[in-house]
There are 2 protein chains.
Amino acid sequence: MDNFVFPELKQRTVEDEITSRLRNAIIGGNFAPGSHLNETEVAKQMNVSRIPIREAIKKLEQEGLLVRHTNRRVFVVSFSAHDVKEVFSMRANLECMAFEWALPNMGVDDFVALQDLIAQQKNAIASEDYENLAGLDMQFHEFIVSKAKHSRLLKSWYEQHAQSQMLLNVRFRKMSDYTPETVVRDHIQILEAIKRSDIDAAKLLTLQISERVALECCQTLGEFLGTSEPEGGR
Amino acid sequence: MDNFVFPELKQRTVEDEITSRLRNAIIGGNFAPGSHLNETEVAKQMNVSRIPIREAIKKLEQEGLLVRHTNRRVFVVSFSAHDVKEVFSMRANLECMAFEWALPNMGVDDFVALQDLIAQQKNAIASEDYENLAGLDMQFHEFIVSKAKHSRLLKSWYEQHAQSQMLLNVRFRKMSDYTPETVVRDHIQILEAIKRSDIDAAKLLTLQISERVALECCQTLGEFLGTSEPEGGR
DNA sequence: TTATTGTATACTGTATACAGTATACAATAA
DNA sequence: TTATTGTATACTGTATACAGTATACAATAA
């Protein structure tokens, strides 16, 4: 077969496809927190049986995006003020741990890559492409956490990130006082700390930013936040 | 109906039952890491259909105890030396965060409860009841993490704990140099730090202990550790 | 009226059936 | 013999069917 080799075919099951569609819809804020999901209905819409839907739901339940009560419906998570604190504190804690693991693995190339992400963020702000900005925001942090080469850390971080992203998207849909410039400022500061290999500074910044964002989230979402239990629960 | 009230009936689905059975079997070291699971066979043994088995597997996959490759079999996780490092470092990091959240919630009653657990551990050691000791060891840490009142922290901790427990059980089955006395000593030191509200000391102890145990685990398991990928993967 | 009970309907949980893929091994050709 | 291809079998992925539970609302009695 000569020298040419085909790249491995990564099989995507129906379940995988459903999982990402549902996940994106939830994170993107297309379902209101606390709203319920009808397996049969979703299956009908996607023209598949309920089994792969159920498996996708099980996965997203474990990721903390859906809540199921036996024999009752499936609900999109809703956040209490305490939940917001949980999500952002976990995320910040995991990112702090990531600095410890990642910094020894990072070099000039990585600093450049991060710098580039910040530049793209500026462009996104300039062209008021806020959806893109959210993605770039994520990529900045994801880049660092990935560099930690710590699969369990990364997995847990993704879960918290998905929830925080969902909160920010809901907020973005409801509010208009969004100040995207702070994103760039925060990232520049973190990158500076990383370049100096100043782990403590990077951690401190992360914790401070996290607390600020959590607070903003709670304040602006205000009455929109539910209690810990989803509305449909008993 | 007078004053008498029935406690709520918590319904346990077939899937729930299967999940705990499988989880216990895996954590307990009844399946060798890297061994594979046959859905049909498990279904036959438990005399249920494959659907609830599949849902249980999906859950345990998310918990990091099972690994599935599309259209190939399901494998019990196997740990590389790096995986061992990951598990214990995550667990330690989460426990450190737990101190921050838990200590403000803890009072004399809690110190007494922890003291009592340590006493029970001494008894277990005296009567060489090591299975019980493992449970009591867990309860000590679980108690503290629970006091943090942080559901996401607790969930992630449980996942790491399950994997560390699995490692320790495999080790215990293979090795004979187990020195249970250190468990008691470690716990006494942590409890002392907690009583003094000395979070930094508690954190330091946790990180040190974690690193020591991870190292011991790697050394004693030695050749028994696999690579990151389960044996059957391609 | 209002609280309680009965009944239909919608939805979830599980079993069964079957299609699609991987694996093991036999058959074939060099 | 050894490498390659064909074929049977085992196992996973998904659809369909049905039983069990929750929910909504009508019927009934006070």
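Residue numbers begin at 1 in each chain, while the letters A, B, ... track the order of the sequences. Values below: every heavy atom of this structure, side chains too, minus hydrogens, waters and symmetry copies.
In this structure a side-chain-to-backbone donor-acceptor pair under 3.5 Å is missing from B:N47 to B:A43.
Here C:dG13 presents its C1' atom at 17 Å from NE2 of A:H69, a figure rounded to the nearest Å. Atom-to-atom, CD1 of A:I18 to C1' of D:dG13 comes out at 11 Å; the value is rounded to the nearest Å. Whole-Å rounding puts the A:N47 CG to D:dT14 P distance at 14 Å. Following rounding to the nearest Å, A:F75 (CZ) and D:dA22 (C1') show an atom-to-atom distance of 11 Å. Here the C1' atom of nucleotide C:dT21 and the CD atom of B:E39 are 14 Å apart, to the nearest Å. Between the P atom of D:dT14 and the CD1 atom of B:I51 lies a distance of 11 Å, rounded to the nearest Å. A straight line from CD of B:E15 to P of C:dA15 spans 12 Å, rounded to a whole angstrom. At whole-Å resolution of the value, NZ in B:K44 and P in C:dT16 are 13 Å apart.
Screening B:Q62, B:E15, B:E55 against A:K58 for a side-chain hydrogen bond (donor to acceptor under 3.5 Å, both in side chains) leaves a single residue, B:E15.
Look at D:dT28: its Watson-Crick or wobble partner, with both distances under 3.5 angstrom, is C:dA3. When both distances must be under 3.5 Å, the Watson-Crick or G-U wobble mate of D:dT21 is C:dA10.
Backbone-only engagement by A:L37 is indicated by non-hydrogen atom pairs under 4.0 Å involving sugar-phosphate atoms exclusively. Using a 4.0 Å heavy-atom distance criterion, A:T40 is classed as a base contact. Residue contacts for A:R68: at a heavy-atom cut-off of 4.0 Å it reaches the sugar-phosphate backbone alone, with no base atom in range. Across all strands, B:Q11 comes closer than 4.0 Å only to sugar-phosphate atoms, never to a base (heavy-atom distances).
Using a 4.0 Å cut-off, some side-chain N or O of A:S49 falls inside it from OP1 or OP2 of D:dA15.
Residue whose closest nucleotide on DNA chain C sits further toward the 5' end, between B:T13 and B:R50: B:T13. Residue-to-nucleotide proximity on DNA chain D shows that, of A:T70 and B:N71, the 5′-proximal contact is made by B:N71. For the pair A:R12 and B:N38, nearest-nucleotide mapping onto DNA chain D gives the more 5' position to B:N38.
Between B:N71 and A:Q11 there is a side-chain heavy-atom pair separated by less than 4.5 Å. Residues B:R152 and A:S156 fail the side-chain proximity criterion, which asks for heavy atoms closer than 4.5 Å.
Of the candidate nucleotides C:dT12, C:dA15, C:dA22, C:dT12 has the atom lying nearest to any side-chain atom of A:R73. The side chain of A:R72 approaches D:dT23 more closely than any other nucleotide in the set D:dT23, C:dA15, C:dA22.
Between the side chains of A:E159 and A:Q163, no donor-acceptor pair of N or O atoms lies under 3.5 Å.
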